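I have placed the structure first, in the form of structure tokens, so that the comments after it can refer back to it.
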Amino acid sequence: MEERIPGHVAVIMDGNGRWAKKRLLPRSAGHRAGMNRMISLSEHIFDCGVKWCTLYALSTENLRRPQEELDGLFGLFREYFIKNTQTLKKKGITLRVIGNLELLPPDVQDIIRKGEEDTKGGARGTLVLAIAYGARQEILSAVNRAVKEGKEVTEESFSSLLQTDGIPDPDLLIRTGKELRLSNFLLWQSAYTELYFTEKLFPDFTDKEFDKALKSFSERERRFGKVEK
């Protein structure tokens, strides 16, 4: 069977803290390991021919964590965007960030927006980072916007009110870290998405493990509720 490559892959990057705990390391070490794996994995995903890649980097619920841990995460975001934006640009990758950026420190907001601006027009693919993102909050914001504007919405027009406007729905959503749930990630967009769960903690989710997910996707039939003739 010829392998089918999904146009859009989304990944819930779970298990960084547990990865560190298993090694008797501070949680910050797990977050750094996860960030390094995120960079390498995204490169592999685009090398496989995927055009859109969305990575769940920080949820709105994560923002309730201790301030010390959040400060470490914000430091990693600063480091990531400063170091990797030009690399993405050279490789033809457009960077896009979804989420409530106003919940982040002002300097992190500025760095993120600069990264998006600097990589505009990359034709090879688009890397979408979900930061301070929550799907329920996204949907409620879209509903309130439609009400405020007096709009009666359809599925198509409602999708245009979401933060993912212009981004195709994911074909494949991968969750690492053993949990079997979506955790407030792309709830509207994942109505017909193929789901793949793995017990691998995210820092251990190798390129080879990602290839297993692609193989699983290739072996599935996607009928979207229709009956094949």
Side-chain angles (χ1 to χ4, degrees), residues 9-46 53-88 91 93 95-116 118-119 127-135 137 173-186 196-210 213:
V9 174
V11 183
I12 300 176
M13 306 183 297
D14 191 24
N16 295 334
R18 282 173 285 156
W19 181 91
K21 185 177 181 180
K22 283 177 63 176
R23 290 159 177 78
L24 303 180
L25 296 171
R27 288 179 63 84
S28 59
H31 293 314
R32 179 167 292 278
M35 183 68 75
N36 291 333
R37 179 82 281 261
M38 182 189 84
I39 294 169
S40 297
L41 178 64
S42 61
E43 291 179 358
H44 179 67
I45 289 174
F46 289 116
C53 171
T54 299
L55 304 176
Y56 202 8
L58 183 72
S59 71
T60 51
E61 290 78 11
N62 292 154
L63 292 172
R64 301 170 188 162
R65 292 182 176 182
Q67 191 60 46
E68 182 180 359
E69 182 173 347
L70 291 177
D71 289 342
L73 285 168
F74 296 147
L76 285 175
F77 289 147
R78 293 181 183 101
E79 185 178 324
Y80 170 82
F81 282 96
I82 291 172
K83 282 186 176 180
N84 293 285
T85 297
Q86 292 307 311
T87 300
L88 291 173
K91 293 186 176 182
I93 303 298
L95 177 66
R96 181 165 168 181
V97 179
I98 59 174
N100 187 356
L101 298 188
E102 293 182 359
L103 299 177
L104 307 177
D107 70 305
V108 175
Q109 297 179 40
D110 292 341
I111 292 170
I112 288 174
R113 292 190 179 102
K114 186 177 187 304
E116 290 182 297
D118 288 348
T119 59
L127 174 62
V128 183
L129 296 181
I131 300 177
Y133 172 85
Q137 294 86 341
L173 189 152
I174 300 168
R175 177 164 189 158
T176 65
K178 194 176 181 178
E179 306 296 351
L180 304 178
R181 54 179 177 264
L182 294 181
S183 294
N184 204 18
F185 183 52
L186 300 179
Y196 181 90
F197 298 98
T198 172
E199 294 192 359
K200 293 288 184 181
L201 302 176
F202 184 69
D204 294 327
F205 186 68
T206 63
D207 294 351
K208 188 174 182 179
E209 290 295 328
F210 175 77

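Starting from 1, each residue takes its place in the sequence as its number. All values reported here derive from a predicted model rather than from experimental measurement.
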Considering all heavy atoms of both residues, which atom of [X] and which atom of [Y] are nearest to each other, and what is their separation?
| X | Y | value |
| --- | --- | --- |
| W19 | A29 | CZ3-O, 4.0 Å |
| S42 | I39 | OG-O, 2.9 Å |
| F205 | I174 | CZ-CG2, 3.9 Å |
| R37 | P203 | CD-O, 3.6 Å |
| K22 | L201 | CD-CD1, 3.9 Å |
| V97 | E116 | N-OE2, 2.8 Å |

At what distance, to the nearest 0.5 angstrom, does [atom1] of [X] lie from [atom2] of [Y]?
| X | Y | atom1 | atom2 | value |
| --- | --- | --- | --- | --- |
| L41 | N36 | CG | CG | 12.5 Å |
| I111 | F77 | CD1 | CZ | 11.5 Å |
| L95 | N84 | CG | CG | 10.0 Å |
| L73 | R32 | CG | CZ | 11.0 Å |
| I93 | T87 | CD1 | OG1 | 11.5 Å |
| Y56 | R175 | OH | CZ | 9.0 Å |

**Asked** Ignoring hydrogens and geometry, is there a side-chain-to-backbone donor-acceptor pair from T176 to M13 under 3.5 Å?
**Response** no
**Request:** Could you tell me whether a side-chain N or O of R27 sits under 3.5 Å from a main-chain N or O of A20, the two making a donor and an acceptor?
**Result:** no
**Asked** Is atom CZ of R96 surrounded by more than 12 heavy atoms (other residues, nucleotides or ligands) closer than 6.0 Å?
**Response** yes
**Asked** More than 12 non-hydrogen atoms from neighbouring residues, nucleotides or ligands closer than 6.0 Å to CD on Q67, yes or no?
**Response** yes
**Message:** Against R78, only a single residue in D71, D110, D107 fulfils salt bridge (charged side-chain N to carboxylate O under 4.0 Å, His left out); can you say which?
**Reply:** D107
**CA sep, side-chain torsions, deciding dist, call: L58, F74, side-chain contact (heavy atoms from CB on, under 4.5 Å)** = CA-CA 10 Å; L58 183 72; F74 296 147; 4.3 Å; yes
**Item:** Between E61 and N184, a side-chain donor and acceptor under 3.5 Å
**Value:** yes
**Asked** Do the side-chain N and O atoms of Q137 and T60 include a donor-acceptor pair separated by under 3.5 angstrom?
**Response** yes
**Request:** For the residue pair F46 and K91, establish whether any side-chain heavy-atom pair is separated by less than 4.5 Å.
**Result:** no
**Request:** Please assess I12 against E179 for the test side-chain contact (heavy atoms from CB on, under 4.5 Å), listing each intermediate value before the final yes or no.
**Result:** CA-CA 10 Å; I12 300 176; E179 306 296 351; over 6 Å; no
**Prompt:** So, are D204 and K178 salt-bridged, with charged N and O less than 4.0 Å apart?
**Reply:** no
**Asked** Hey, mind stepping through V108 and F81 against side-chain contact (heavy atoms from CB on, under 4.5 Å) and telling me if it holds?
**Response** CA-CA 9 Å; V108 175; F81 282 96; 5.9 Å; no
**Request:** Before giving the answer on side-chain hydrogen bond (donor to acceptor under 3.5 Å, both in side chains), spell out for N62 and E69 the whole-Å C-alpha distance, their side-chain angles and the decisive distance to 0.1 Å.
**Result:** CA-CA 10 Å; N62 292 154; E69 182 173 347; over 6 Å; no
Could you list the donor-acceptor pairs under 3.5 angstrom formed by side chains in residues 127-135, with sequence neighbours left out?
residue : atom : partner : partner atom : Å
Y133    : OH   : E138    : OE1          : 2.5
Y133    : OH   : L186    : N            : 3.4

